[in-house]
Amino acid sequence: MASQQLSKTYEPQAVEARWGPYWIDRGYFGAPADSTGQPYTIVIPPPNVTGSLHIGHALNNTLQDILIRWRRMQGRNTLWLPGTDHAGIATQNVVERQLLEEGTGREELGRDAFIERVWAWKQHSGNTILDQLKRLGASCDWARLRFTMDEGLSQAVREVFIRLHREGLIYRGHRLINWCPRCLTALSDVEVEHEPVHGTMYHVAYPLADDDTSLVIATTRPETLLGDTAVAVHPEDPRYNRHIGKFIKLPLTNRTVPIVSDGILVDREFGTGAVKITPAHDFNDFEAGERHQLPRIALLSHQALLNPKALRDAGVEPDILETIANLPAIKARPIVVDALKHRSLLVKTEDHEMALGKCYRCKTVVEPFLSPQWFVRIQPLADPAIAAVEQGHIRIIPEEWSNNYLGWMRGIKDWCISRQIWWGHRIPAWYCATCHPEARRILEGGGSHLIPTHAEPVVAETTPDTCPTCGQNQFIQDPDVLDTWFSSALWPFSTLGWPANTRDLETYYPTSTLVTGLDILFFWVARMIMMGLKFTGKPPFRDVYIHALVRDAEGEKMSKSKGNVIDPLTKMSQYGTDALRFTLASMASPGRDIKLSENRIEGYRNFANKIWNAARFILMHADGPSESRPIADKPFVDQWILSRLNHVTGTVTSRLEEYRFDQAAGQLYQHIWHEYCDWYLELIKPVLQNGDSPAARSTRATMLQTFEHLQRLLHPFMPFLTEEIWQTMPHQGDSLVSQPFPVAANEWENPEAEQTFAIIEQIVTTVRTGRALLDYGPSKALTILVTAKDPEEVARLNEARDHIAHLCRGTVSIAERDTWPADRILHLAVGSFTIGITIEGEVDLKKALTRIEKQSQTKQKEATRLHGRLASPDFAAKASPEVIQESKDRLALLTAELSLFASSEQQLRKMVS
RNA sequence: GGGCGGAUAGCUCAGUUGGGAGAGCAUUGCCCUUACAAGGCAGAGGUCGCAGGUUCGAGCCCUGUUCCGCCUACCA
């Protein structure tokens with residue numbers, strides 16, 4: 001029947017093109033609103049709208065899809081909610097690059113036009129990654145697609161902002177923050193990537209104001225000394241503490257600055273033990289400055305250029321000032337160093353390893369920058385989030401990452417949430433133009449972005465009508481937008497309709513599992529937990545499954561600049577989506593990075609093809625009459641495969657429950673290829689040829705039943721292939737997507753059948769080995785003689801006999817040893833059996849002899865070891881009885897085999913000579 | 001600086017309470033056996049990073065050490 005339609009090899013492209021749209025168009029992925037099943041929810045980690053599917057996405061979404069398809073088939077009320085993230089800085093950068101190519105820029109366009117332009121870009125290009133996810137087979141409820149800047153989600157953002165502000169958990173502060181001089185915005189601590197660099201440590205002599213000696217300080221940024229407002233020494237440092245309270249003459253300036261005592265900042269062991277304090281350009285110094293009430297001198301502009309006005313205010317000598325004004329700090333450094341050298345103030349320089357902070361979006365070196373920003377007071381939010389994990393309300397899997405999370409949360413600092421960019425959620429704060437002239441200047445287009453913190457805004461959902469202070473009605477909205485991760489933090493509930501108390505929220509929240517990479521544990525996961533607990537009173541998810549980072553075959557992080565990116569879409573076209581999915585699932589071992597190698601994908605492509613051909617075989621033989629009957633009445637092969645299937649079903653299910661995708665996939669691979677195809681399908685071939693026999697009718701039914709069962713088990717991993725096969729099978733029912741996931745049927749368990757199979761397997765393998773070592777071609781006639789003493793064994797052998805004969809291509813005869821021919825026979829050991837293989841015609845016996853000798857030696861070694869162990873009194877006294885018995889049994893077996901080898905060797909020698 | 005992870009076959013990796021070292025790919029020999037040569041069958045290949053320790057017994061537990069990777073951090 002259908003067999004003619006199936007091509008000889010699996011052709012994934014056509015299959016994927018067929019079923020991808022089919023599933024979506026017929027609504028198979030939609031969350032069933034009226035389902036009574038227990039809900040199972042996953043919210044997708046929203047990819048950036050600017051994104052294109054990379055291998056990390058492929059892994060992340062494959063794992064989510066496996067979970068979702070599996071739970072859906074289990075009958076759970078399943079929702080996988082998809083969406084994208086507006087990705088403030090990243091997206092703005094993309095559009096700005098476009099504008100640059102067009103010879104314009106965002107400033108020229110103006111804010112409103114620019115934002116319009118970004119929306120247009122999103123409309124046009126923002127769906128790329130969604131289409132790619134669909135190609136991957138992601139079974140999201142696409143009708144519920146969300147975007148972090150949707151009206152609903154934006155309302156959630158405003159609501160959260162206002163409530164946090166009302167509670168004093170959001171505040172403005174004039175602080176040192178991380179500033180990207182290229183993106184021209186503040187960054188949060190986690191948005192700074194630290195990179196080790198080879199720097200230089202400069203030892204600079206600072207002359208004391210009241211005598212001729214000097215204090216030597218060590219610094220890696222000598223140019224910032226122009227902004228020093230103190231020098232610190234340790235209070236208990238005998239070298240320096242007599243200077244505390246005195247002043248030094250700051251080199252290259254006309255200023256004197258005090259020497260202060262600071263036990264926190266100063267590490268006596270490091271550098272010279274004397275530290276310059278530059279509160280406006282270093283986080284430690286900022287804090288030290290607060291402790292000592294020091295002035296802050298900010299030398300740099302927002303583009304990190306030395307500001308002439310600031311330099312003048314800092315008292316920098318005019319000739320120096322002139323040479324460094326408007327230079328980037330890094331360019332000014334050699335000039336400053338040179339000047340110091342000329343005045344013999346540079347004591348020495350030495351190499352110094354240090355970490356440099358870079359912008360995670362554009363890799364520009366970030367500057368500590370003094371500016372007014374919005375912050376979230378994080379401690380009150382972090383405490384419950386720590387407790388939720390500590391008390392097990394949220395499980396982090398693998399558990400080892402919990403410490404990572406807890407450690408970070410315990411040392412967490414306030415979160416800078418304002419960004420000086422345009423694309424994002426505008427901060428819902430309004431400044432009265434009358435009360436705050438700075439705001440008016442912005443309104444009129446002449447002011448800086450940064451409104452000083454003493455200006456008190458009105459925080460509200462919409463523009464206020466009148467100013468509570470002066471009663472005027474002209475307002476300017478805060479120009480900043482929120483950190484992208486602020487809206488992402490609300491994702492699990494904002495996507496379900498919060499702050500409205502929707503039915504979705506009630507049904508699907510808290511979500512079940514969050515699947516994500518370690519790289520956004522702090523960016524995203526931690527913040528979702530904090531916000532979820534704060535605003536819904538519940539943890540946003542039960543389990544957090546953290547998967548590995550995908551690296552290239554050399555273990556390097558993939559990046560465009562390195563050119564080592566493995567493009568999942570290319571691999572999907574090359575090998576099929578299912579092959580890629582299966583590879584990723586197989587390699588998803590916990591706590592380990594994935595080094596993706598192409599030959600693994602190829603191997604699983606072959607696996608898909610194997611299954612495909614098994615399907616062809618089965619369809620080819622599914623024509624005849626079939627008949628289902630009680631298990632007890634089924635032929636042995638049926639009983640055996642059902643027993644194995646029961647086992648693998650249970651294992652796959654429990655491995656999935658433990659998020660062991662690798663082991664679940666491995667079980668399926670092993671079972672389908674080696675047990676099902678290599679043994680079961682081979683075993684039933686002769687049965688099926690006997691077309692209309694009762695055994696054939698039963699086996700035909702079992703064959704179809706088990707194969708369908710396997711398609712259902714495998715479907716979450718390889719949805720396209722299994723659907724294609726499913727649709728070709730002769731059965732009722734629509735898409736495999738909505739079929740029930742198999743449940744282990746323990747009545748299938750059958751130790752008897754498994755034991756009989758073990759006999760078949762052992763004897764067949766041994767005979768084949770015998771053939772191979774005699775170079776005795778597979779089609780040459782062969783008689784296999786087997787002895788068995790135990791009546792139970794004889795019974796089993798009789799049951800196994802035809803199968804053995806078929807798989808060995810020989811005749812099997814059960815006979816006592818003394819009835820065997822004396823000559824031209826190879827003796828082999830198989831567990832408790834002895835078999836003999838008759839040899840006809842000319843064969844290379846020497847080769848066989850060598851092989852047997854070698855095997856004999858290996859066994860002898862093991863026997864000696866076991867013997868020694870059993871002879872040890874300590875072992876007898878201390879090992880458990882089971883272990884002792886095991887060793888004894890093993891040794892007995894080895895001894896029997898060895899004696900057989902000996903007799904085989906003897907026989908062969910006789911024949912050779 | 002702190003924390004974590006890794007080192008097992010040529011390559012990529014499993015190895016679940018300590019008790020006969022595994023898989024996939026690659027490789028060797030034989031086989032076009034009527035589902036599959038992207039296949040079948042049978043092999044070869046490892047002193048489990050190094051050094052100690054605990055134990056009757058260690059890939060697994062402990063200590064130290066080397067190399068690699070990641071996270072984190074204010075050492076100027």
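Every chain is numbered from 1 and lettered A, B, ... according to where its sequence line falls, protein lines coming before strand lines.
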Think [X] has a side-chain N or O under 4.0 angstrom from the OP1 or OP2 of [N]?
X: His352(A); N: C75(B); result: no
X: His674(A); N: G39(B); result: no
X: Trp679(A); N: C41(B); result: no
X: Lys8(A); N: G39(B); result: no
X: Arg809(A); N: G40(B); result: no

Which value, in whole Å, describes the distance between the [atom1] atoms of nucleotides [N] and [M]?
N: G40(B); M: C32(B); atom1: C1'; value: 10 Å
N: G59(B); M: C13(B); atom1: C1'; value: 15 Å
N: A44(B); M: G29(B); atom1: C1'; value: 10 Å
N: G15(B); M: A21(B); atom1: C1'; value: 9 Å
N: A58(B); M: G19(B); atom1: C1'; value: 10 Å
N: C30(B); M: A23(B); atom1: C1'; value: 24 Å
N: C61(B); M: U72(B); atom1: C1'; value: 29 Å
N: A7(B); M: C48(B); atom1: C1'; value: 10 Å

* Is any side-chain heavy atom of Leu721(A) closer than 4.5 Å to a side-chain heavy atom of Pro12(A)? ->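 Of all side-chain heavy-atom pairs linking Pro12(A) with Leu721(A), none is under 4.5 Å.
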Does [X] pair with [Y] as a salt bridge, N-O distance under 4.0 Å?
X: Lys685(A); Y: Glu682(A); answer: yes
X: Arg600(A); Y: Glu598(A); answer: no
X: Lys413(A); Y: Asp189(A); answer: no

* **Considering all heavy atoms, the nearest Met718(A)-Phe607(A) contact** =>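 So the two residues come closest at CE-CD2, 4.0 Å.
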Looking across every strand, which nucleic acid part, if any, lies under 4.0 Å from [X] by heavy atom: base, sugar-phosphate, or nothing?
X: Thr765(A); result: sugar-phosphate
X: Asp678(A); result: sugar-phosphate
X: Asn609(A); result: base
X: Tyr604(A); result: nothing

Checking contacts here: which listed nucleotide ([options]) is nearest the side-chain heavy atoms of [X]?
X: Asn606(A); options: C36(B), G39(B), A14(B); answer: G39(B)
X: Thr769(A); options: G40(B), A42(B), U12(B); answer: A42(B)
X: Met201(A); options: A76(B), G15(B), A35(B); answer: A76(B)
X: Ser589(A); options: G39(B), A35(B), A14(B); answer: A14(B)

* **Sequence neighbours excluded, every pair satisfying salt bridge (Lys or Arg N to Asp or Glu O under 4.0 Å) that has a member inside residues 870-887 of chain A** =>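 Every candidate salt bridge (Lys or Arg N to Asp or Glu O under 4.0 Å) pair involving residues 870-887 of chain A fails, so no pair, neighbours aside, qualifies.
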* First encountered from the 5' end of RNA chain B, between Glu886(A) and Ala355(A) ->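 Mapping each residue to its closest nucleotide by heavy atoms, the 5'-most match is Glu886(A).
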* To do: Tell me which of Arg655(A) and Asp282(A) sits closer to the 5' end of RNA chain B, going by the nucleotide each one is nearest to.
  =>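 Going by which nucleotide is closer to the 5' end, it is Arg655(A).
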* To do: Let me have RNA chain B in dot-bracket notation, would you? Count Watson-Crick plus G-U wobble pairs, both distances under 3.5 Å, and use [ ] for pairs crossing earlier ones and | for inter-strand partners.
  => (((((((..((((.....[..)))).(((((.......))))).....(((((..]....))))))))))))....
Identify all side-chain donor-acceptor contacts of residues 269-280 of chain A below 3.5 Å with residues at least two apart in sequence or on another chain.
unit_1: Thr272(A); atom_1: OG1; unit_2: Val216(A); atom_2: O; d: 2.5
unit_1: Thr272(A); atom_1: OG1; unit_2: Ala274(A); atom_2: N; d: 3.3
unit_1: Thr272(A); atom_1: OG1; unit_2: Ala274(A); atom_2: O; d: 3.4
unit_1: Lys276(A); atom_1: NZ; unit_2: Thr224(A); atom_2: OG1; d: 2.7
unit_1: Lys276(A); atom_1: NZ; unit_2: Asp228(A); atom_2: OD1; d: 3.0
unit_1: Lys276(A); atom_1: NZ; unit_2: Thr278(A); atom_2: OG1; d: 2.8
unit_1: Thr278(A); atom_1: OG1; unit_2: Asp228(A); atom_2: OD1; d: 2.7

* Under 6.0 Å from the CD atom of Glu290(A), do we count more than 12 heavy atoms belonging to anything else shown? ->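 For Glu290(A), atom CD is crowded (more than 12 foreign heavy atoms under 6.0 Å).
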